[in-house]
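Here is the naming used below: chain letters follow the sequence lines, and residue numbers restart at 1 for every chain. These numbers were taken from a predicted model, which means no experiment stands behind them.
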Amino acid sequence: MIKKKELSINMGPQHPATHGVLRLVLDLDGETVVKCTPHVGYLHRGTEKLGENRTYPMALPLTDRLDYVSSMSNNIGYCVAVERLLGIEVPARAKYIRTIMAELTRIANHIVWIATHALDIGAMTVFLYGMRDREWILDLYEMVCGARLTVTYPRIGGVRCDVDQEFMDSCYKFIEDYPKRIEEYETLIDKNRIWLQRTVGIGIISAEDAVNWGLTGPTLRGSGVAYDVRKAAPYDAYNEIDFEVPVGKNCDVYDRYRCRMDELRQSIRIIKQCLDKMPDGLVLAPEAPPYDMPLGKPRVMPGHPTGAILPGEEEDEKKEPFDELYSATEVPKGELGFYFVNDGTARPYRMRIRAPSFVHASVLPKLSEGSLVADVIANIGTIDIVLGECDR
Amino acid sequence: MTPSAIAALIKSKFPAEVVEITEFGDQVSVLAKKTRILEIMSFLRNTPELYFDYLTDLCGVDYQGRKNDRFEVVYQLRSILHNHCIRIKAAVPEDDCKIDSVVRIWAGANWHERECFDMYGISFTGHPDPRRVLMPEDWEGHPLRKDYPLKSDLGEAEWKGFKEVLETVERNKKYEVR
């Protein structure tokens, strides 16, 4: 008689298809996954602790390092949260610039996603096409702020500097030419037999389960739940823009792929409207806290009840009760939330980051148990995680 | 429903449990005692007109020296159907540092509660997998506590597992390809 025995294998942390340093311990019965245990934390840098020991403007560059594929969106999420906390009204032009940047970032993120996801499950060409097109967006970033990856372009109260006509023209050219590239990706994989076999009916999670597990973003919308923070609690210019929220219906890897592809087209639509409607005026609110590093003198922020925003020589005044605020924004991966507890000093008493990748990584056992080892790779791809954000 | 109406409803249903209701902007927090937190959460999840099906976030906060009960566990709840939200907070004293787990109500609470334990040392009764999540398994201390130093107070001393790693490297040297 043949004895059956389960085999434990280690996938990662250094595995090309785990998108960073994710380690999975898989218990296998033949090719079937019986148990999947994710181990995260290899990239833990203590961002929350660091944030609690820095002033609000000083913690902004830390948010770039969370999800390094879409750093601009993280900056915007942080700035929106601090603005809501301190009651800063952002000028209209800054709102529109930020909306354009957020959507460019969404496109850049989804391109990287489709590139790596397709590479993982066996389509090399899309990877090369994707990386080529991402350069285009990084060039637009560079044009506006000089940086390509960790940008720190948005500021609390607006953006760092105004955009020029050259950027606007390049953006118009981008939205005119880019839809052809989306068609290119689709021609390569949309009806590709191998792609369909690897994605259709794989990694199914029902709408009810998806909500219960706290999934957000396209990962949730692939299951047919039309929850999008841009619609549910609009920020920046989204309440003045007309766009749709694409949803899937089969709850599988393929529908989540379709959702992201449709989102690319919606992002193009949003950028076009923003460019057309772009108002004139300031790009940084006058009451915004100064973003240069505090040296010497205390800086006082007029109009804010607690006064000093950057620390001075004297001890900051602590107040009770605490102000608390949870603010969410829709980053390409899902809902990025910041929860602040403010005691009136220049530093947040508590800074909590609700990272979509962390929640999405926790659902991997649910998606993978009972499937084949090869489908685990498809599942890691489809939830779109970046471990920098997951581990914070 | 507006957040204040939801808070009033919770107050009328659990008058002895609700300690305090605070507002900031358009957001409302309800501070509750931890004893019947599971009942409050089931009520919020299962009442049709509230239907908080989505636990956005769960985290801990350390109020050392600032409040009577040192810790608070904060639940951000949202109903996707009704598009309303509320924040529930449960006070956890330092000498009885545990609270009921809500994983049975929202499966997504699993890793959030592990992280809360990891960072603050609050243990969750009834959690299916109570391990650390971000820090190494043999880590000592809970980093987000206010009395945990930002910089190491060990000076030049290493993390104690480091010696073991070096020994393993030394032991495995004989297998190196020359």
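Contact of A:Val211 with chain B is made through backbone and side chain together, with heavy-atom distances under 4.5 Å. In this structure, the portions of A:Val40 lying under 4.5 Å from any heavy atom of chain B include both its backbone and its side chain. For a residue to count as touching a neighbouring chain, one of its non-hydrogen atoms must lie under 4.5 Å from one of that chain's; by this rule A:Tyr349 touches chain B with backbone and side chain alike. Neither the backbone nor the side chain of B:Glu23 has a heavy atom closer than 4.5 Å to any heavy atom of chain A. Contacts of A:Asn53 with chain B are made by side-chain atoms alone, with heavy-atom separations under 4.5 Å and no backbone atom involved. Only the side chain of A:Ala233 comes within contact range of chain B, with at least one heavy atom under 4.5 Å from a heavy atom of that chain. Residue B:Arg114 does not touch chain A at all, counting heavy-atom pairs closer than 4.5 Å. For chain B, the nearby part of A:Glu335 is the side chain; its heavy atoms alone come within less than 4.5 Å. Residue contact with chain B, scored on non-hydrogen atoms closer than 4.5 Å, is absent for A:Val363.
Rounding to the nearest 0.5 Å gives a distance of 10.5 Å between CG of B:Leu144 and CE of A:Met351.
The shortest distance between side-chain heavy atoms of B:Asp53 and A:Asn212 does not fall below 4.5 Å. Within the 4.5 Å cutoff, side-chain heavy atoms of A:Tyr339 are placed close to those of B:Val74. With contacts defined as side-chain heavy-atom distances shorter than 4.5 Å, the pair B:Ser29/A:Tyr326 does not qualify. Inter-residue side-chain proximity for B:Gln27 and A:Glu324 is flagged as unmet; no heavy-atom pair is nearer than 4.5 Å.
Under the 6.0 Å cut-off for aromatic ring centres, A:Phe322 and B:Phe24 do not qualify, their centroids lying 6.0 Å or more apart.
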Hey, mind stepping through B:Glu72 and A:Arg350 against salt bridge (charged side-chain N to carboxylate O under 4.0 Å, His left out) and telling me if it holds? CA-CA 12 Å; B:Glu72 272 177 17; A:Arg350 171 80 167 102; over 6 Å; no
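The closest donor-acceptor contact from the side chain of A:Lys49 to the backbone of B:Tyr148 lies under 3.5 Å.
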